[in-house]
Amino acid sequence: MDSEMSHQDGNYNESPAKSEVIGNGTVTTMANSRLKLRVHPNKDHKPEGYDDLDLDFNPSIFSSLERYLPSNMLGIPRDDKAKFMREILLKYLPSGERHRTQKHQEYREKIKSNYQPLHRELYALNPTTFFLPTFLKAISDNTEQSFRSIISEPSPGIYVFPMLQPDFCELLLSEIENFEKWVAEAKFRIMRPNRMNRYGAVLDDFGLEPMLDRLMDDFVRPLSRVFFPEVGGSSLDSHHGFVVEYGEDKDLDLGFHVDDSEVTLNVCLGKEFSGGELFFRGSRCERHVNTGTQSEEAFDYSHVPGRAVLHRGRHRHGARATTSGHRINLLMWCRSSVFREMKLYQKDFSDWCGECNRMKKERQRSTCAATRLELIAREGESTA
């Protein structure tokens, strides 16, 4: 971590807040640009609400991030806290994305004001109709033991479990078809989930964002807190939720890549298909994303409707060709703004990057070997 970290309370060194005169002549307390987030949240602080502000990001992100503000910023005006947190969040948008973000918000508003949902019950998460009873019980018990009772780990860092009710899958598929039909009839240009997929839709765009918020907060985060603490699993605060479609007249496969997420949930919705297996090739940090794969890191996974796969976003993977039928998957890229900020001050990711870990072990072996040789040499000198 950065050398400025305080050993006393886990904060970064804080410069005093300063007063600045804003355009209308009023004086407000602004955060010094050198301030950084706390490493650990202030659990005693009650965050403010940001729902009434016109923000570039989901208001819940600001409430979550506020607990990580330096202690001398917690009492400043809410608008100033929002400005500071917004600047942190905007750092993670690639060049040119700010304008696109604004256009995307306008696009969403246009859809919401015109599109009529087919199954309104989908828009408010009902656990008993969405999830299988075994999954619900494991989440309700909320222990590592209860999670592992329904989850298998066929390869390190890849967790597989039955999750969705068949009826829910059918309803969601029906809603997606209805949305795509509306898009075609309205001659509305649909934004695809990402640059890799030419088919599919962003669920947040047509009103399912609140449902996905709850899915992340109440069901994905508890699992991630246990299985992915090293990549911000306990502080997930935003998501990108979408469906992808594969088949003869859709995308066929998906190239080797990493996700723009800390934790990815991937659930097969159906329909009838063959092929389309996921192939995983080990987790990597940005510096080592193009390094080779160790034999123990290679793993292939076959989709089953209703069954979920949970993995790190940085776990390299791709999808083989769907050879027949039509496959549709629900994906949610879950992100942690806190982890992304903290990551800026780290150089070693051996707790989750396979290559960092391999290099660390190699250094340890070299050090042990050198120490052994030195001890042997000393012993030889003492007996001479």
Side-chain angles (χ1 to χ4, degrees), residues 50-61 93 97-127 129-131 163-220 238-247 249-251 260-261 264-271 305-306 326-335:
Y50 293 85
D51 298 83
D52 59 320
L53 298 183
D54 185 15
L55 302 167
D56 300 322
F57 303 90
N58 189 309
S60 63
I61 299 177
L93 287 178
E97 285 288 289
R98 297 189 188 195
H99 178 68
R100 183 178 179 276
T101 299
Q102 178 61 34
K103 289 295 182 183
H104 198 181
Q105 187 62 35
E106 295 170 2
Y107 163 83
R108 283 188 180 183
E109 292 304 321
K110 187 175 180 180
I111 291 176
K112 291 177 184 177
S113 61
N114 291 279
Y115 175 65
Q116 296 298 316
L118 181 63
H119 302 292
R120 291 193 177 275
E121 61 269 34
L122 289 174
Y123 291 74
L125 190 149
N126 184 339
T129 59
F130 279 34
F131 304 119
M163 182 181 185
L164 296 180
Q165 293 270 19
D167 289 347
F168 169 76
C169 293
E170 288 295 327
L171 280 179
L172 186 53
L173 288 172
S174 175
E175 187 70 40
I176 293 162
E177 289 176 2
N178 186 64
F179 174 67
E180 292 182 337
K181 180 182 177 183
W182 173 82
V183 166
E185 292 175 348
K187 293 181 169 52
F188 198 77
R189 181 177 175 272
I190 187 172
M191 287 190 181
R192 298 305 179 184
N194 51 62
R195 295 176 183 176
M196 298 178 290
N197 292 98
R198 297 174 300 159
Y199 296 89
V202 179
L203 299 180
D204 300 307
D205 287 348
F206 57 97
L208 286 166
E209 185 174 9
M211 182 270 280
L212 294 176
D213 280 341
R214 189 177 172 198
L215 174 60
M216 181 186 71
D217 291 344
D218 296 349
F219 299 93
V220 177
S238 67
H239 72 265
H240 176 49
F242 56 96
V243 292
V244 291
E245 300 184 48
Y246 295 90
D249 57 342
K250 306 289 184 181
D251 289 321
D260 182 14
S261 69
T264 292
L265 175 73
N266 185 341
V267 194
C268 183
L269 299 175
K271 303 180 178 179
H326 187 192
R327 177 170 68 85
I328 304 179
N329 279 50
L330 162 66
L331 286 103
M332 189 157 63
W333 289 354
C334 302
R335 298 157 176 163

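Quick caveat: nothing in here was measured; it's all calculated off a predicted structure.
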TODO: List the atom of Arg192, the atom of Val202, and the distance in Å for their closest heavy-atom pair.
DONE: O-CG2, 4.0 Å
TODO: Only counting residues at least two apart or in another chain, list the ones meeting salt bridge (Lys or Arg N to Asp or Glu O under 4.0 Å) with Asp52.
DONE: Arg78
Task: Intermediate values then yes/no, side chain to side chain contact (heavy atoms under 4.5 Å, CB included), Leu125 and Phe219 - done: CA-CA 11 Å; Leu125 190 149; Phe219 299 93; 3.8 Å; yes
Open item on the list: For Met216 versus Cys334, what's the shortest heavy-atom pair and its separation?
Closed with: CG-SG, 3.8 Å
Task: Tyr107, Tyr115, Phe179 screened by ring-ring contact (aromatic ring centres under 6.0 Å, His included) with Phe188, the one that passes - done: Tyr107
Task: Inter-residue atom distance Phe242.CZ - Ile176.CD1, 0.5 Å rounding - done: 12.0 Å
TODO: Find the distance between CE (Met191) and CG (Asp205) and round it off to the nearest 0.5 Å.
DONE: 7.5 Å
Open item on the list: To the closest 0.5 Å, what do you measure between CE (Met211) and CG (Leu172)?
Closed with: 6.0 Å
Task: Audit row: His239, Asp204, side chain to side chain donor-acceptor pair (under 3.5 Å) steps and yes/no - done: CA-CA 9 Å; His239 72 265; Asp204 300 307; 2.8 Å; yes
TODO: Could you tell me the separation between the CG atom of Asp213 and the CG atom of Asp218, rounded to the nearest 0.5 Å?
DONE: 10.0 Å
Task: Leu122 versus Phe130, closest heavy-atom pair with distance - done: O-CZ, 3.7 Å
- [ ] Find the distance between CE (Met163) and CG (Asn266) and round it off to the nearest 0.5 Å.
- [x] 11.0 Å
Open item on the list: For a 4.5 angstrom cut-off between non-hydrogen side-chain atoms, does Leu173 reach Val243?
Closed with: no
Open item on the list: Using side chain to side chain donor-acceptor pair (under 3.5 Å), reason through Tyr123 and Glu175 one step at a time and then give a plain yes or no.
Closed with: CA-CA 10 Å; Tyr123 291 74; Glu175 187 70 40; 3.0 Å; yes
Task: Step-by-step side chain to side chain contact (heavy atoms under 4.5 Å, CB included) determination, Glu121 to Thr129 - done: CA-CA 10 Å; Glu121 61 269 34; Thr129 59; over 6 Å; no
Open item on the list: The criterion is salt bridge (Lys or Arg N to Asp or Glu O under 4.0 Å); which residues satisfy it with Arg327, sequence neighbours excluded?
Closed with: none
Task: Closest approach of Lys110 to Asn114 (non-hydrogen atoms, all atoms of both residues) - done: O-ND2, 2.6 Å
TODO: Heavy atoms only: give me the nearest Leu203-Leu212 pair and the separation to one decimal.
DONE: CB-CD1, 3.8 Å
Task: For Phe131 against Gln165, the heavy-atom pair lying closest together - done: O-NE2, 3.1 Å
Task: Partner set under salt bridge (Lys or Arg N to Asp or Glu O under 4.0 Å) for Lys112, not counting sequence neighbours - done: none
Open item on the list: Nearest 0.5 Å, please: how far is CZ in Arg335 from CG in Asp260?
Closed with: 4.0 Å
